[in-house]
4 protein chains.
Amino acid sequence: MNKKQIAVIGSGMIRKEEIRNLTENLGEKLIDNDFRIICGGKEGVMEAVCKGARRSKNYKEGMIVGILPSLERLDANPYVDIVITTGMSYARNQIIISSADVVIAIQGGAGTLSEIAFAWQYDKPIIVLKNTGGWAEKLTEVRLNERKREPIIGANNVEEIITYLKNTFKT
Amino acid sequence: MNKKQIAVIGSGMIRKEEIRNLTENLGEKLIDNDFRIICGGKEGVMEAVCKGARRSKNYKEGMIVGILPSLERLDANPYVDIVITTGMSYARNQIIISSADVVIAIQGGAGTLSEIAFAWQYDKPIIVLKNTGGWAEKLTEVRLNERKREPIIGANNVEEIITYLKNTFKT
Amino acid sequence: MNKKQIAVIGSGMIRKEEIRNLTENLGEKLIDNDFRIICGGKEGVMEAVCKGARRSKNYKEGMIVGILPSLERLDANPYVDIVITTGMSYARNQIIISSADVVIAIQGGAGTLSEIAFAWQYDKPIIVLKNTGGWAEKLTEVRLNERKREPIIGANNVEEIITYLKNTFKT
Amino acid sequence: MNKKQIAVIGSGMIRKEEIRNLTENLGEKLIDNDFRIICGGKEGVMEAVCKGARRSKNYKEGMIVGILPSLERLDANPYVDIVITTGMSYARNQIIISSADVVIAIQGGAGTLSEIAFAWQYDKPIIVLKNTGGWAEKLTEVRLNERKREPIIGANNVEEIITYLKNTFKT
C-alpha cells in the first residue's frame, strides 16, 4: 500500500525561530512515522518541513515532494526530492491539496488561506498547529461553510498531530 | 479602451430573498455603469448577478462572462453571454480573479474564501458587501497578511460599491 | 441563444503578408456572420484575426476574447475586447479549445499542434486553412488517432470555412 | 543530487504484446539506472512502464510518480508510488512534461501528441521509440517548428534510450 501523503502548508517566510523548530520537528516526525510529505516546495514553512524530514532516521529518497507554482525547478528548496513544476501560479495549490490525505497548516497568510479553503472543499481533514499565528490559528475549530464535515482541527503541538495521523491511518 | 472587468463572487446557493435582490441589483448597476461582469458562471450569487445584469438598459450581449470549473458548457446559468470552460475544477478561481480589475464578494463559503485569498495575493481591490453573511462579512476591513496593500473594503450597500468603482475608474 | 464561439489558433509570428491578409479576412468574415472569436490573445495569427474582426461592420464590443498564458493583461494584442489572464502557461490552450464550438488553425507551430491535439481529444470540429504551412497544412484530412470522429477538415480558403460554419450552425 | 526525472508518455491502450513488453522493459531499465519515472499514472503505456519499473532490483518506493488528470486517486494504476491528482483534465500534460528532464514517447495518440508539442515548447529532449506506431513513430527526427533546438530523437530500442540518458546525465 502506498504511503499516506500529508500536505504541509504555511507561510513562505518564518519570522520566529520557535516556529521554524516546530515545523522542522513536524517534518522529522512525519517521516519517522513513514508518511510522505507534499508541500509547495519553496521557502519558509515549506523549506523547514523538508529540512526536518531529511533529519529523520527513517528518511529515504522520494519521501519529500515539492509542487512549485513556476516552471523553474531551481525555485525548489534544496531538501525536496521530487520537484513537480506546474507553471500554473497559485492554481498549483489545488494540486497540493487534492493530492493529500491530510492537510496540516502552520502559521500562514493569504496563500495558506486559499489552500485551507481548497482543503475544505475537497473534504480533506485539516489540522492547524495552534499558537503559530496567521490563518492556522484564526481558523482553529472553525467551519468554513455549512457543509457537514469535520471542522478544522486545532493541535496544540506536533505530538497531537502525529497521534491524530496514527489513529486515522494505522488502525 | 476596454471595459473594466468586475469579478462578482459568492455562494453557489442563496437562501435569503434579500440577498438575491441585492445581487441582482448589483448586476444591473454594474451594467448601467458600463462594467463587464466576470463570474464563475454557475448558480446562486453568480446567477443572480448575471440575471440582474441582463435587466439593465445598458446591457449589450458580451458584457457577462462565466468561467466554469468544468468542461461542460451546460453548467453555465442561462444569463451568461460568454462561457469559458476550463476543465480545471476550482483552479479556475485563479482565472476569474486574475482577470478582474476589482473583486466584489457577496456572502460566500469556502470557494469564495479561496477566491478572496487569491484576490489578495494578486493585489486586486476587494470589496465585500456587508451584512450578507459568510466570508464576505467576516473579512470586512481585514488584512489577510502583512503585505502592504489596501485592506478588504466593506460596502454597506450596492450604491457604495458603484461609487467606489466610479471613483476608481472614471476619474 | 449565445453566439457560437470559434477558436482561431496559429503561429505567434506571421512571416508572409499573404497569411496575414487571409487571417484578417477570416476575422472579418467571422464577425460578419455573427460568430464570437476566441483566441490566445497574443501576436501573429491571434492578432491578425482580432484586427480583421474589428474591421467588420457587424463588430460589437465583446465579440473578441483573448485567453492569455500569463497573468499580465498587457500581453494581449490591442484588438482583444475581453482579456482573460490564466497564469497557467500553455495549459491555457485547454481553455481556448474546450470553450470553442469549432477550432480553426492557420499555419502553426508546436503550440498550435498542442491545441489541435486538445481539440481532437475534446471532440471539437477542426478546420485547417490549407496552403498556410505549418501544422495546419500537415494535418489536413489527418486522423490523430483511431477514435471514431470527423477527421481534420482542410479548407482551401476563408469562404469554405464560413460556408462550413454556416451549414453547421445556421440550419 | 536529485534523481533525474524521465517522463514516459504514450497511448492509454496497448494493443500489441510486443509494445507492452518493450515498455515494461523500458521501465525496468530506467529504474536499473536510477532514474525516476514520471507518467500520467493511468493505463496502457503508463501502466506498463510502471509495472516494469517495479520489477527492477534497484526499485525503491518513491521512484514512480503518476500525475492524474482527475481528482480521483483511484484512477492511478496500481504500480504508481506517488499519486498526484491535478483535477485539471489534459492541462495536467503540462505538469508531466515541465517536470521532466527528458521525455520518452511510445506509440501515442492525440494526448501523446499534445505532450510532445509541450515538450518541444519547454525545450525538453524528446526521444521516440521507433516502430511502435502512433505519433512517436511519425515524429521521428521531425522538427515541430523553426526553433533552434535538438530535433525529436528516434531510438531503435530500449538500449539506445538508456545509452542516450547515460551519456546525457552520467558524464
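Lettering follows sequence order; numbering is per chain, from 1. Hydrogens, waters and symmetry mates play no part in the numbers below; they use all other heavy atoms, side chains included.
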(request) Please state whether the side chain, the backbone, both or neither of C/Val80 comes within less than 4.5 Å of a heavy atom of chain B. (result) backbone
(message) Using only non-hydrogen atoms and a strict under-4.5 angstrom cutoff, which residues of residues 81-104 of chain B touch chain C?
(response) B/Asp81, B/Ile82, B/Val83, B/Ile84, B/Thr85, B/Thr86, B/Gly87, B/Met88, B/Ala91, B/Gln94, B/Ile95, B/Ser98, B/Ser99, B/Ala100, B/Asp101
(message) Counting neighbours of CD on B/Glu146 that are heavy atoms of other residues, nucleotides or ligands and sit closer than 6.0 Å, is the number greater than 12?
(response) no
(message) Heavy-atom count check: over 12 atoms from other residues, nucleotides or ligands less than 6.0 Å from B/Glu18 CD?
(response) no
(request) Give every residue pair that meets the salt bridge (charged side-chain N to carboxylate O under 4.0 Å, His left out) criterion with at least one member in residues 125-134 of chain B, sequence neighbours excluded. (result) none
(request) Write out, in numerical order, the residues from residues 108-129 of chain C with a heavy atom short of 4.5 Å from a heavy atom in chain B. (result) C/Tyr122, C/Lys124
(request) With a 4.5 Å heavy-atom cut-off (strictly below), which parts of residues 46-63 of chain C touch chain B? List them by number. (result) C/Arg54, C/Glu61, C/Gly62
